[in-house]
Amino acid sequence: MSQLKIFNTLHREKQPFVPIEEGKVGLYVCGMTVYDYCHIGHARVMVVFDVVARYFKYLGYEVKYVRNITDIDDKIIARAAEAGEDFTDLTKRFIDEMHQDEASLNVLHPNEEPLATNSIDSIISMIETLIDKGNAYAGPNGDVYYSVESFDNYGQLSGRKLDDMNAGERVEVDENKRNPFDFVLWKSAKPGEPFWPSPWGNGRPGWHIECSAMATCCLGNHFDIHGGGMDLQFPHHENEIAQSEAATGETFVNTWMHNGFVRIDDEKMSKSLGNFFTVREVLKKYRGEEIRFFVLSSHYRSPLNYSDESLNEARSALERLYTALRGVTPIANEVKSDYVERFEAAMNDDFNSAKAISVLFECANEINKLKADNPELAAKTTSDLLVMAEPLGLLYQNPDEFLQSTTGSDEAISNDDIKAKISLRLEAKADRNWGLADQIRDELKEQGVIVEDKGQETTWRRE
RNA sequence: GGCUGAGUGGCAGAGUGGUUAUGCAGCGGCCUGCAAAGCCGUGUACAGCGGUUCGAUUCCGCUCUCAGCCUCCA
């Protein structure tokens with residue numbers, strides 16, 4: 001079998017994955033800042049790394065998957081102030097919402113989900129270490145900063161040099177910093193802001209330090225894979241490396257993985273541009289599995305353009321796969337089929353889900369051909385299809401349930417009414433009253449129900 | 001200005017130094033009372049210009065276009 005290769009942002013090439021400890025993998029992903037609903041970009045991160053975790057399990061690894069929650073930061077404070085509520089009420093609410101979205105997308109829960117506010121002690125102790133080692137300093141305003149010049153390899157991940165960067169390009173240079181690219185480790189509290197006591201006074205952690213603290217706490221000073229969206233490469237992940245490696249003296253992470261953006265009209269979907277769709281908005285029109293298929297239909301590092309057409313295609317594609325599964329009871333296949341081999345080869349090539357999915361379609365085609373002539377082989381091939389779908393988190397529903405479920409919140413004809421009409425139509429057919437039979441079929445079609453005759457049986461599905 | 005990445009058939013989207021991606025849509029056929037689903041067949045795609053090569057969409061160079069990052073961001 002081919003070996004798993006992963007594109008490592010740190011080296012800008014695909015590299016064979018070698019775990020630090022045999023048979024185990026530690027995975028840390030930067031999760032949500034919980035001040036609003038998840039949008040499709042967040043859904044992509046969740047789904048992509050869910051597949052990474054699932055596929056490692058499929059390969060037999062023991063996976064420890066950690067995805068943090070940032071539950072204290074400037075935006076959270078601002079939103080809570082706007083709403084006139086305690087920031088913890090706000091974050092608790094959006095954590096619950098996030099978990100609902102996660103479930104809708106069939107994303108398995110990470111093994112650990114640490115909160116920044118539960119990690120204050122380890123954050124403070126890491127900052128103390130950085131000050132002791134000369135990598136951090138308290139500014140005249142009481143904030144504590146990391147000194148980028150104190151870390152020789154600063155810029156290794158994002159491939160940039162301090163000299164090449166334009167300080168003050170977008171944000172005014174802060175006079176409290178020794179170097180404009182120094183970043184905050186500890187931010188002193190203004191009146192009315194939430195705070196924790198620290199050796200530098202009351203305040204809260206900066207954005208980057210929490211991830212260094214949580215990652216090393218949960219997975220150790222040196223672990224296998226760290227992931228997140230492309231935009232976190234710089235400065236967030238660059239700063240995480242600088243903090244963690246300066247504090248521990250060890251290599252922080254072996255493999256860095258970054259997923260591409262979701263776009264709308266060829267522009268990045270983001271909160272700041274305001275061009276985002278939330279997961280729950282899209283769920284009004286499309287099933288969670290359709291969103292999931294859409295995300296996995298292109299490679300995780302490529303841009304992914306969001307549109308109704310794309311979601312409609314995902315729907316058609318899933319209908320085809322579920323139609324193949326319909327009416328077959330899978331029987332475990334004792335030999336590893338050529339399909340599964342090719343599926344693994346695709347996934348081993350930097351989690352190429354798009355290519356892997358093409359194998360699912362070929363497998364579905366084979367099932368359709370075998371159904372009539374060779375039920376036993378059809379059943380085994382069906383099992384193959386489900387074996388491949390599992391690490392992708394797809395095809396987890398009963399085919400009829402999927403095909404007959406409603407796709408949105410619109411008012412739809414009930415299953416009972418559909419069945420009643422189909423009974424009438426079967427009587428008409430028995431009388432060879434084709435006019436009436438076709439009329440009933442047309443009526444159902446208008447209500448989004450497709451009727452299909454198979455010999456004496458009639459099945460139905462929703463469009 | 002610095003640094004990334006990308007440009008594939010009607011659309012989406014993989015991939016490869018010479019041979020079918022895959023899905024949707026289209027066209028023809030089989031099946032069907034008719035459909036639907038399914039099956040079979042069907043498309044001289046690889047931004048442009050040079051170079052390397054027996055041969056390049058695939059490697060190299062240049063040009064053009066697009067997107068992203070350069071302390072909000074998944």
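Below, read A as the first sequence line, B as the second, and so on, with proteins coming before strands; counting in each chain starts at 1. Keep in mind that this is a model prediction, so the values were computed, not measured.
For B:U16, there is no paired base (Watson-Crick or G-U wobble, both distances below 3.5 Å). The partner of B:C30, taking Watson-Crick or G-U wobble pairs whose two distances both stay under 3.5 Å, is B:G38. The nucleotide B:A6 finds its pairing partner in B:U65, both defining distances of the Watson-Crick or G-U wobble pair being shorter than 3.5 Å.
Contact between the side-chain N/O atoms of A:Arg320 and the OP1/OP2 oxygens of B:G38 is found at a separation under 4.0 Å. Dashed line: the shortest gap from a side-chain N or O of A:Ser302 to OP1 or OP2 of B:A14 is under 4.0 Å. The side chain of A:Arg263 contributes no N or O atom lying less than 4.0 Å from OP1 or OP2 of B:A12. In terms of phosphate contacts, A:Asn368 brings a side-chain nitrogen or oxygen within less than 4.0 Å of OP1 or OP2 of B:C39. Contact check, A:Trp207 against B:C73: a side-chain N or O comes under 4.0 Å of OP1 or OP2.
Rounded to a whole Å, the OH atom of A:Tyr300 is 14 Å from the C1' atom of B:A74. Between A:Arg342 atom CZ and B:G15 atom P there is a gap of 15 Å when expressed in whole angstrom units. The CD1 atom of A:Ile422 sits 12 Å away from the C1' atom of B:A36 (whole-angstrom rounding). One interatomic measurement links the two molecules: CG of A:Asn365 to P of B:U22, which rounds to 9 Å at whole-angstrom precision. Residue A:Phe293 contributes atom CZ, which lies 10 Å from atom C1' of B:G13 at whole-angstrom precision. The NZ-P distance, from A:Lys454 to B:C31, rounds to 19 Å in whole Å. Following rounding to the nearest Å, A:Leu232 (CG) and B:U71 (P) show an atom-to-atom distance of 14 Å.
Taking the C1' atoms as reference points, B:G9 lies 12 Å from B:U57, given to the whole Å. Here, B:A6 and B:U44 have their P atoms 29 Å apart, quoted to the whole Å. Nucleotides B:G15 and B:U20, compared at atom C1', are 12 Å apart to the nearest Å. Comparing the P positions of B:C64 and B:G48 gives an interatomic distance of 16 Å, to the nearest angstrom. Rounded to a whole angstrom, the distance from the C1' atom of B:U58 to that of B:U8 is 11 Å. Comparing B:C34 with B:U42, their C1' atoms are spaced 25 Å from each other, to the whole Å. Rounded to whole Å, the P atom of B:U4 lies 29 Å from the corresponding atom of B:C46. Between B:G38 and B:U53, the distance separating the two C1' atoms is 46 Å to the nearest Å.
Considering only side-chain atoms of A:Lys177, the nucleotide from B:U71, B:C39, B:A36 that sits closest is B:U71. Comparing B:G33, B:U4, B:U71 by their closest approach to the side chain of A:Arg425 singles out B:G33. Each of B:G68, B:C73, B:A37 was ranked by its minimum atom distance to the side chain of A:Glu267; first place goes to B:G68. Closest to the side chain of A:Ala437, out of B:A36, B:G33, B:A74, is B:G33. Listed candidates were B:U22, B:G2, B:C73. Nearest to the side chain of A:Phe361 is B:U22. Of the candidates B:A74, B:A14, B:A37, the closest approach to any side-chain atom of A:Asn352 belongs to B:A14. Of the listed nucleotides (B:C72, B:A74, B:A14), B:A14 has the atom at the smallest distance from the side chain of A:Lys355. Residue A:Asp231 places its side chain closer to B:A74 than to any other of B:U71, B:A74, B:G23.
Remark: the A:Ser272 side chain and the B:C72 base include a donor-acceptor N/O pair separated by less than 3.5 Å. The base of B:C73 sits with one of its N or O atoms less than 3.5 Å from a complementary donor or acceptor on the side chain of A:Lys268. The base of B:C39 is not paired with the side chain of A:Lys369 by any donor and acceptor separated by under 3.5 Å. Put simply, the side chain of A:Asp438 and the base of B:G33 share a donor and an acceptor less than 3.5 Å apart. You'll find a donor-acceptor pair under 3.5 Å spanning the side chain of A:Arg441 and the base of B:C34, going by distance alone. A donor N or O paired with an acceptor N or O is not found under 3.5 Å between the base of B:A74 and the side-chain atoms of A:Arg44.
The residues A:Arg315 and A:Glu463 are annotated as not salt-bridged, no charged nitrogen and carboxylate oxygen being separated by less than 4.0 angstrom. Salt bridge present: A:Arg79 and A:Asp36 bring a charged side-chain N and a carboxylate O closer than 4.0 Å. At a threshold of 4.0 Å, the pair A:Glu238-A:Arg160 does not count as salt-bridged, since none of the basic side-chain nitrogens sits closer than that to a carboxylate oxygen.
More than 12 heavy-atom neighbours from other residues, nucleotides or ligands sit within 6.0 angstrom of CD on A:Glu13. Residue A:Lys5 places its NZ atom among 12 or fewer non-hydrogen atoms of other residues, nucleotides or ligands, all under 6.0 Å distant.
Ring orientation note: the planes of A:Phe183 and A:Tyr146 are close to parallel, at an angle under 30° on the 30°/60° scale. Ring pair A:Tyr306/A:Phe294 is perpendicular by interplanar angle, where above 60° counts as perpendicular and below 30° as parallel.
The backbone N or O of A:Gly288 sits nowhere less than 3.5 Å from a side-chain atom of A:Ser104 that would complete a donor-acceptor pair.
Each of A:Lys161 and A:Arg432 has a nearest nucleotide on RNA chain B; the 5'-most of these lies closest to A:Lys161. Toward the 5′ end of RNA chain B lies the nearest nucleotide of A:Ser298, the other residue of the pair A:Ala364 and A:Ser298 mapping further downstream.
Remark: ring of A:Trp434 stacked against base of B:G33; centroid gap under 5.5 Å, plane tilt under 30°.
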